[in-house]
Amino acid sequence: MDEKYFPEQIEERWQKTWEESGTFEVERDPEREKRFYCLEMLPYPSGFLHMGHVRNYSIGDALSWFRRLQGYNVLHPMGWDSFGQPAEQAAIKRGVMPREWTEQNITHMRAQFKRMGFSFDWRREIAAHTPEYYQWDQWFFLKMLERGLAYKKVSPVNWCPAESTVLSNEQSSGGVCWRCGAAVEKRDIEQWFLRITDYAEQLLADMREIEGGWPERVLTMQRNWIGRSEGAYIDFQVKDTDERVRVFTTRIDTIYGATAVVVAPDHPLVEHSPLKDDLRRFAERVRAASAVAREPGAEVEKEGINTGLLAVNPFSGELIPVWAGNYVLTEYGTGAVMSVPAHDERDFEFAQKYSLPIRRVIERISHDQPPAERDPEVEDQSVAMNEAFTESGILVSSGDWSGKLSADAIREMAEFAQSQGFGEGAVTYRLRDWGISRQRFWGAPIPIIYCERCGVVPVPESDLPVLLPERAEFTGSGQSPLAGVPEFVNTTCPKCDGPARRETDTMDTFIDSSWYFFRYIDPRNPEAPFDREKAAYWTPVDQYVGGVEHAVMHLLYTRFWTKFMRDIGLVNFGEPVKRLMTQGMVVAETFFREGEDAGSKVYINPADVDVVRDEKGRISSATLVKDGQPVTVGPFEKMSKSSNNGVDPNEMITAYGADATRLFILFAAPVENDLRWQESGIDGTLRFLRRIYSFVYRWRGSLAGAAREAGAAGEFSAEARALRHETHRTIERVTNDFEGLRYNTAVAALMELLNELYDFKAQAGSASASDLFAVREAVEALVLMLAPFAPHVAEELWEALGHVGGILGSGARWPEFDRALARKDEVEIAVQVNGKLRGRVNVPASATEDETRAAALADERVRAWTEGKQIIKTV
RNA sequence: GCCGGGGUGGCGAAAUCGGUAGACGCAACGGACUUAAAAUCCGUUGGCCGUAAGGCCGUGCGGGUUCGAGUCCCGCCCCCGGUACCA
């Protein structure tokens, strides 16, 4: 141990020790029932670690250390989400092959991870782009195909024009590409789908199992995304044709108020319209308009055309017009609605614009008077209503159904429709099947062969993996580069041996990440994706940590995938993750100058800026170091290339050490909050590490001989008792904070304990045996509790305190607190008179209410406020 | 619009059950040490009034419950995230 704290030396030394002694390598051990699977979302190997990564993995790493110290067998693995777009972009731009590019990046990033000192079991490392991994993607695909869960169809799909590829609904949420933000277009393309909709009901119902363990907002987002809607299908006969138009409604009770049927512009029914040419033009226009990315919240003007067709309301027999409207969506429900202007806002707006009748058929329930039956002759309420009445109530002007409550009518009318053969109760979902075909090279090939004679033939399991070729032409044309590799495309049919062609699309990379954490438990298994026994021991994941941006992508897909794995007998549960933590972003100040073009900004890296602060510490101005001229101070933004406000973790490690960097990132804000990066903050945590280091340095000689048993230390002085109280109280707080992942307060508690140690009156070298015992107890607890945050320095200090073999190797355990010691034997009670703080008194913790009251009343200041008054009180 | 989460010092934040608001840290200011700087150590730091003792005010706004409200209830405002012609 040096006199001064040099993070670099310490960190290098312990990283080497950990690696050599396999400190974080674990095996399934059925004897050890206490096991813990701690997982963080695997990174895309972009080549560089950023602060978001550091935060993500520091959170998981701290928890892993905590559980290890508690005696758990902890699985904490790491791997690479190494298929994907950027590798292919690099190939297009710079001609480097995706595999080469990716593997270089992995090498570089792995070294960065090691430099952070994260406690991964590196023997279990996996990478999605290796055939040993992606063959199981292909295997799962074949299993889904067998079970009818994978199918191919032509459908309008989301197309990202910037990246020339198809996206799933989840990946184009909000009408923009999840990766690049480009407005998504619709294209008709034949592609493979997975029937995630078969699991819609389970995905909703099983949320009960993870409620409390997952953030409420993630569950809400998934619930909304699945979008379950209960209602009924109703068929309207179209006059003078054999066609029926089927609508979906959740408000069948309002059907007597339907004054039109409105269909989507490209609904098949419009072919029967006498105005079909106009309608086709209308459909074109609507289609073009919807391809433009819209501002969220911007409402599109409702437009429609009367098709000239008439439909029969099956309940009332009434003939109503059929319109085509831009507000009816092809992809939801049946692409057709019954328009009830009186009771639906959209229909109301549409009816007003096109002067359709508005007929009220639901009244608010009133206890004073029965609902008035409307005069059928004057039933148009266009004047009387100035907005739609969308609540449920009691039916009026609805034939035999009048007088019923909405809830009853909804049920009974659906049953009636079914018995009459013109409808049925139904549940629809917003969730669509998962389109997984990508016109990409850098992904797992879809294991399908097209034979002229046999048609679509799955690749036999024994022929897996379907290997990606080493090279291809990268043009960015929108067709898979695989199509241009004849030795890949041309093959023979597994059934008839005749000439055949391979599927050239690859799988969505979200398939890789849907089950990767099961591969960690058995990463080299050549026979199966993983061993069931091993899975039964390690999974489900106890704690998962990652960004919230995956709420309706990865986190939904992986729940679906797990349910499928359960159905084919690989696991015996349907929820892969018990607890989920979504960490906040790392944000930093931005600085910029006006660019050449009006309104454009040139962002300047914070490292190149000098800031001037006013006496309150607020930034008052900033100048560019290079030229001394002022720059504009912008808002805090997520660290990114585009805002040029990223901080390189490598530079932080060089300047402050991995320990201080990790400690700061966990201390500066609660894990779910955004974290404002301020370099001065990391100074504070470095200071804390230096203080604890120099304290141990000063005391280690004296502590070496200190008693390890409280009894041997004899009587404790008041100060030693107070220190022991602080120690045990801190252990209690920190332990509880770990359970709730409240790292910021855990670190604060450690800082407080260190402050107590600095305030402790005894000096190293002259302390009594009992003082030494109290200090030793405090320091050892402090060092062990520091290990999850700053493992290198904790190891160094643990060794300095006389322990051999490293923290985990020495058999150290998370400190236990003594409940009696954690409680104070004397408490300060604040005395309030009429709700105002008037004094403080110290009483023994065991004091009765009467004693406390007496003590309170004896206090001078309290007496001054209670003099001559009657007293009624509580404690 | 709807759903979810928030609003506490100059800043990040704390207050786990309705009981001392602002722990811990940053920044700032003052002091010690130093030829000097860095580092380190000590102190001050929500606002107002007061020489002081002390008092008053203070957790987005307005009400309410309570001996007592950052915390509970009612009504608003604002911010962040998600999402939408979803029938």
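The sequence lines fix the lettering, A, B, ..., with proteins before strands; numbering per chain opens at 1.
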With rounding to whole Å, what would you report as the distance between [N] and [M] at their [atom1] atoms?
{"N": "A69(B)", "M": "C76(B)", "atom1": "P", "value": "24 Å"}
{"N": "G75(B)", "M": "G25(B)", "atom1": "C1'", "value": "38 Å"}
{"N": "G70(B)", "M": "U16(B)", "atom1": "P", "value": "13 Å"}
{"N": "G54(B)", "M": "C72(B)", "atom1": "P", "value": "34 Å"}
{"N": "G9(B)", "M": "C57(B)", "atom1": "C1'", "value": "15 Å"}
{"N": "C17(B)", "M": "G6(B)", "atom1": "C1'", "value": "23 Å"}
{"N": "G81(B)", "M": "G68(B)", "atom1": "C1'", "value": "36 Å"}
{"N": "C86(B)", "M": "G82(B)", "atom1": "C1'", "value": "16 Å"}

Nearest heavy-atom pair of Phe789(A) and Leu666(A): which atoms, and what distance?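 Scanning both residues, the minimum pair turns out to be CD2-CD1, 3.6 Å.
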Might you point out which heavy atoms bring Met639(A) and Asn645(A) nearest each other, and give the distance in Å?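 For Met639(A) and Asn645(A), the tightest heavy-atom pair comes out as CA-OD1, 3.2 Å.
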Over all strands shown, is [X] touching base, sugar-phosphate only, or nothing at heavy-atom distances under 4.0 angstrom?
{"X": "Arg676(A)", "value": "sugar-phosphate"}
{"X": "Asp737(A)", "value": "base"}
{"X": "Gly227(A)", "value": "nothing"}
{"X": "Phe688(A)", "value": "nothing"}

Which nucleotide sits closest to the side chain of [X]: [options]?
{"X": "Asn224(A)", "options": "G25(B), C3(B), A87(B)", "answer": "C3(B)"}
{"X": "Arg217(A)", "options": "A14(B), C85(B), G81(B)", "answer": "G81(B)"}
{"X": "Ser680(A)", "options": "C86(B), G4(B), A27(B)", "answer": "A27(B)"}
{"X": "Glu216(A)", "options": "A87(B), G4(B), C11(B)", "answer": "G4(B)"}
{"X": "Met221(A)", "options": "G82(B), A27(B), A13(B)", "answer": "G82(B)"}
{"X": "Pro670(A)", "options": "A13(B), A87(B), G4(B)", "answer": "A13(B)"}
{"X": "Arg690(A)", "options": "A87(B), A39(B), A13(B)", "answer": "A39(B)"}
{"X": "Phe248(A)", "options": "A87(B), C85(B), C3(B)", "answer": "A87(B)"}

Mind calculating the distance between [atom1] ([X]) and [atom2] ([N]) to the nearest angstrom?
{"X": "Trp214(A)", "N": "G5(B)", "atom1": "CH2", "atom2": "P", "result": "17 Å"}
{"X": "Asn326(A)", "N": "C85(B)", "atom1": "CG", "atom2": "P", "result": "11 Å"}
{"X": "Glu589(A)", "N": "G12(B)", "atom1": "CD", "atom2": "P", "result": "11 Å"}
{"X": "Tyr743(A)", "N": "U16(B)", "atom1": "OH", "atom2": "P", "result": "21 Å"}
{"X": "Asn755(A)", "N": "C26(B)", "atom1": "CG", "atom2": "P", "result": "10 Å"}
{"X": "Leu219(A)", "N": "G5(B)", "atom1": "CG", "atom2": "P", "result": "11 Å"}
{"X": "Asp344(A)", "N": "C86(B)", "atom1": "CG", "atom2": "C1'", "result": "11 Å"}
{"X": "Tyr656(A)", "N": "C26(B)", "atom1": "OH", "atom2": "P", "result": "13 Å"}

First of Tyr332(A) and Glu345(A) reached from the 5' end of RNA chain B, by closest nucleotide: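 Final value for this comparison: Glu345(A).
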For Asp683(A) and Gly333(A), find the nucleotide of RNA chain B closest to each by heavy atoms; which residue's nucleotide sits nearer the 5' end?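 Result of the comparison: Asp683(A).
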It should be established whether [X] places a side-chain nitrogen or oxygen under 4.0 Å from OP1 or OP2 of nucleotide [N].
{"X": "Asn744(A)", "N": "A14(B)", "result": "yes"}
{"X": "Arg691(A)", "N": "C41(B)", "result": "yes"}
{"X": "Arg223(A)", "N": "C3(B)", "result": "no"}
{"X": "Arg742(A)", "N": "A14(B)", "result": "no"}
{"X": "Asn673(A)", "N": "A13(B)", "result": "yes"}
{"X": "Arg687(A)", "N": "C26(B)", "result": "yes"}
{"X": "Ser229(A)", "N": "A87(B)", "result": "yes"}

What do you reckon, are the aromatic ring centroids of Phe350(A) and Tyr354(A) less than 6.0 Å apart?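 Between Tyr354(A) and Phe350(A), which both carry aromatic rings, the centre distance is below 6.0 Å.
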Hydrogens and angles aside, do [X] and [Y] bring a side-chain donor and acceptor to less than 3.5 Å of each other?
{"X": "Tyr327(A)", "Y": "Glu301(A)", "result": "no"}
{"X": "Thr249(A)", "Y": "Tyr233(A)", "result": "no"}
{"X": "Gln222(A)", "Y": "Arg559(A)", "result": "yes"}

With a 3.5 Å limit on both atom pairs, tell me what [N] is paired to, counting Watson-Crick and G-U wobble, or say none.
{"N": "A21(B)", "answer": "none"}
{"N": "U40(B)", "answer": "A32(B)"}
{"N": "U83(B)", "answer": "G1(B)"}

Going by the side chain to side chain contact (heavy atoms under 4.5 Å, CB included) test, name the single residue among Arg55(A), Arg579(A), Gln583(A) that passes it with Val545(A).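 Exactly one candidate clears the test, Gln583(A).
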Base orientation of G9(B), syn vs anti, 90° cut from 0: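 In terms of base orientation relative to the sugar, G9(B) is syn.
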Chi-based syn or anti call at C17(B), which uses purine or pyrimidine torsion atoms and a 90° bound: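 For C17(B), whose glycosidic angle is within 90° of 0, the conformation is syn.
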Set out, in order, the CA-CA distance, both residues' side-chain angles and the distance that settles side-chain contact (heavy atoms from CB on, under 4.5 Å) for Arg251(A) and Ile362(A), then state yes or no. CA-CA 11 Å; Arg251(A) 291 297 303 274; Ile362(A) 304 288; 4.1 Å; yes
Does the plane of the ring in His550(A) sit parallel, tilted or perpendicular to the ring in His554(A)? Use 30° and 60° as the thresholds.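 If you compare the ring of His550(A) with that of His554(A), the planes turn out perpendicular.
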